[in-house]
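Let me begin by presenting the structure, written as structure tokens, before commenting on it.
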Amino acid sequence: MTIDWAHFTPWSSLAGGALIGVAAGLFILFNGRIAGISGILGGFLRPPAGKSNERAWRAIFIAGLLCAPLAWGLFLPAREIRIDAGWMEIVIAGVFVGVGTRYAAGCTSGHGVCGLSRLSFRSLAATLIFMAAGFATVYVMRHMVGG
């Protein structure tokens, strides 16, 4: 294995991770809620009974996720995005992620960022499974299938 030193970005990656951690911490501190994207999106699409005011903050949160890259583009040019997969592979991967999120009762942001910081054993197990599945998928696609 070799490191692509031209694209190795430890400081910006560290800064991004720290910002995600601070944002998740502030979210739970001020709102008492976990910043898990699948739960926020699920609650937006199907709000809990009797809580009609739930949709507004969820819509704002989701809009922020979608608009942040566009706002960043005002300050720095966007990098070229290259995806080494076809549309069918992306759709199949999305279905697997969705099904896995339902079975795990949360996504990587809910378990990996928020759950681990709360020392949740369930989140540790889910995150280890997420990571192992990702490693296995990359290995199979790159070394066995030949992608």
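Remark: M144 pairs with Y139, V140 by the side chain to side chain contact (heavy atoms under 4.5 Å, CB included) rule, at least two apart or across chains.
Note: the hydrophobic cluster containing L14 does not contain I20 (ILVMFWY, side chain heavy atoms under 4.5 Å, direct or indirect links). A chain of hydrophobic side-chain contacts below 4.5 Å, direct or via other Ile, Leu, Val, Met, Phe, Trp or Tyr residues, connects L65 to L41.
Taking both residues in full, the closest heavy atoms of A105 and R122 are given as CB-NH1, 3.9 Å, listed atom of the first, atom of the second, then distance. The shortest heavy-atom contact between F130 and G106 is CZ-O, 3.7 Å. The shortest heavy-atom contact between F44 and I62 is CB-CD1, 4.0 Å.
To the nearest 0.5 Å, atom CZ of residue F96 and atom OG1 of residue T101 are 13.0 Å apart. Within the model, atoms CG of L124 and CD1 of I129 stand 9.5 Å from one another, a figure rounded to the nearest 0.5 Å. Between the CG atom of L66 and the CZ atom of F61 there is a distance of 11.0 Å, given to the nearest 0.5 Å. Rounding to the nearest 0.5 Å gives a distance of 13.0 Å between CZ of R55 and CD1 of I60.
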Considering only distance and modelled atom types, tabulate donor-acceptor pairs under 3.5 Å from the side chains of residues 107-116, sequence neighbours left out.
{"residue": "S109", "atom": "OG", "partner": "I37", "partner atom": "N", "Å": "3.1"}
{"residue": "H111", "atom": "ND1", "partner": "S123", "partner atom": "OG", "Å": "2.9"}
{"residue": "H111", "atom": "NE2", "partner": "A104", "partner atom": "O", "Å": "2.8"}

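Taking a 6.0 Å sphere around CH2 of W72, one finds it holds 12 or fewer heavy atoms contributed by other residues, nucleotides or ligands.
Side-chain atoms of R33 never come within 3.5 Å of backbone atoms of I28 as a donor-acceptor pair (strictly under, hydrogens ignored).
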